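Data first, discussion second: the structure below is written as structure tokens.
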Amino acid sequence: MEGIRQAIRPWWLGAAIVVTLLGCQQKTEPAATAASAAAEPVAVSEIRVGASADAPRPQSPDQPIVVHLKLKGGDRAMNAPTKLEARLIELRSGAAAGFLVKQFSGVVPPETEFSFESAKPWAEGRYAVEIKLDGKLIGQRDIDVIQAGAAP
């Protein structure tokens with residue numbers, strides 16, 4: 001019986017060492033996964049309204065409302081398609097005045113724009129544009145719509 005115990009003991013000792021080594025190994029992630037986790041999330045760095053880069057001016061009721069976005073953190077590859085949404089809201093009534101969506105797969109561009117058009121002139125007053133990325137609010141800005149020459 002003693003001979004059997006001595007023959008089994010090295011086998012159990014070897015199995016215990018293998019189990020211990022396997023349990024102590026660190027889990028490693030692929031470099032791409034670790035890099036994207038450390039990457040900055042997509043955020044709005046600037047929202048500009050109007051066709052020119054001049055100082056902000058009130059929006060004319062008879063022109064499309066053009067919203068220019070500068071994004072940061074979007075230069076990394078996205079694992080899944082990304083949806084960027086712009087919702088235009090008339091603040092006086094709370095009604096949605098427009099809704100536009102852009103889909104991206106791969107890389108979100110650093111700049112993009114949305115152009116809201118209306119068949120009739122926009123009602124004068126204050127509007128808000130909300131920017132969402134995959135359903136999460138990442139930026140917003142108020143827009144004044146007034147007749148040219150009128151004081152804001």
Side-chain angles (χ1 to χ4, degrees), residues 13-152:
L13 183 59
I17 290 172
V18 169
V19 169
T20 303
L21 289 176
L22 289 175
C24 291
Q25 281 185 338
Q26 291 183 353
K27 209 177 209 182
T28 58
E29 294 183 22
T33 306
S36 65
E40 180 181 6
V42 176
V44 174
S45 63
E46 181 182 359
I47 299 174
R48 190 170 36 84
V49 177
S52 70
D54 296 339
R57 291 187 233 160
Q59 174 72 37
S60 173
D62 57 347
Q63 297 293 317
I65 297 176
V66 181
V67 179
H68 302 272
L69 299 176
K70 285 190 179 179
L71 304 168
K72 59 182 179 179
D75 53 352
R76 62 180 164 76
M78 306 299 257
N79 293 332
T82 301
K83 183 167 63 169
L84 190 63
E85 304 170 351
R87 180 181 308 273
L88 186 65
I89 303 165
E90 183 183 15
L91 294 178
R92 183 179 345 183
S93 66
F99 182 75
L100 299 170
V101 176
K102 289 189 177 191
Q103 293 274 7
F104 301 103
S105 58
V107 176
V108 176
E111 292 187 28
T112 191
E113 73 178 34
F114 291 95
S115 182
F116 293 96
E117 298 187 17
S118 179
K120 57 184 180 175
W122 296 103
E124 289 190 45
R126 182 161 280 198
Y127 292 74
V129 63
E130 294 180 340
I131 307 299
K132 292 184 179 184
L133 181 72
D134 293 330
K136 180 183 174 195
L137 184 67
I138 61 170
Q140 62 185 34
R141 175 162 179 196
D142 288 352
I143 302 165
D144 291 314
V145 175
I146 60 172
Q147 285 291 343

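Nothing here was measured: the structure is a model prediction, and the numbers come from that model.
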In terms of heavy-atom contacts, Gln59 and Pro64 come closest through NE2-O, 3.0 Å

Do you know the tightest heavy-atom contact between Glu124 and Ile146?
-> OE1-CA, 3.8 Å

Salt bridge between Glu85 and Arg87, side-chain N to carboxylate O under 4.0 Å?
-> no

Find out whether Leu133 and Val44 are in side-chain contact, i.e. whether some heavy atom of one side chain is under 4.5 Å from a heavy atom of the other.
-> no

Salt-bridge criterion met for Lys83 and Asp134 (N-O under 4.0 Å) | no

In terms of heavy-atom contacts, Arg92 and Gly125 come closest through NH2-CA, 3.7 Å

Kindly determine whether Ile65 and Val145 satisfy side chain to side chain contact (heavy atoms under 4.5 Å, CB included), including the steps that lead there.
-> CA-CA 9 Å; Ile65 297 176; Val145 175; 4.3 Å; yes

Looking only at non-hydrogen atoms, find the nearest pair between Ala128 and Asp142 and report the distance.
-> CB-OD1, 3.7 Å

CD1 on Ile47 to NE2 on His68, rounded to 0.5 Å | 12.0 Å

Using atom types as modelled and distance alone, determine if a side-chain donor or acceptor of Thr112 lies under 3.5 Å from a backbone N or O of Leu69.
-> no

Identify the two heavy atoms, one from Val49 and one from Arg141, that lie closest to each other, and give their separation to 0.1 Å.
-> N-NH1, 3.5 Å

Report yes if the side chains of Leu100 and Val67 come closer than 4.5 Å at any heavy-atom pair, otherwise no.
-> no

Say you draw a straight line from OH of Tyr127 to CG of Leu91; how long is it, rounded to the nearest 0.5 Å?
-> 9.5 Å

Apply side chain to side chain contact (heavy atoms under 4.5 Å, CB included) to Ile143 and Trp122, showing your working.
-> CA-CA 12 Å; Ile143 302 165; Trp122 296 103; over 6 Å; no

By side chain to side chain donor-acceptor pair (under 3.5 Å), Ser118 pairs with (sequence neighbours left out) none

Please report the closest heavy-atom contact between Arg126 and Asp144, naming both atoms and the distance.
-> NE-OD1, 2.8 Å

CD of Gln140 to CD of Glu130, rounded to nearest 0.5 Å, is 6.0 Å

Any Phe116 side-chain heavy atom under 4.5 Å of Val129 side chain = yes

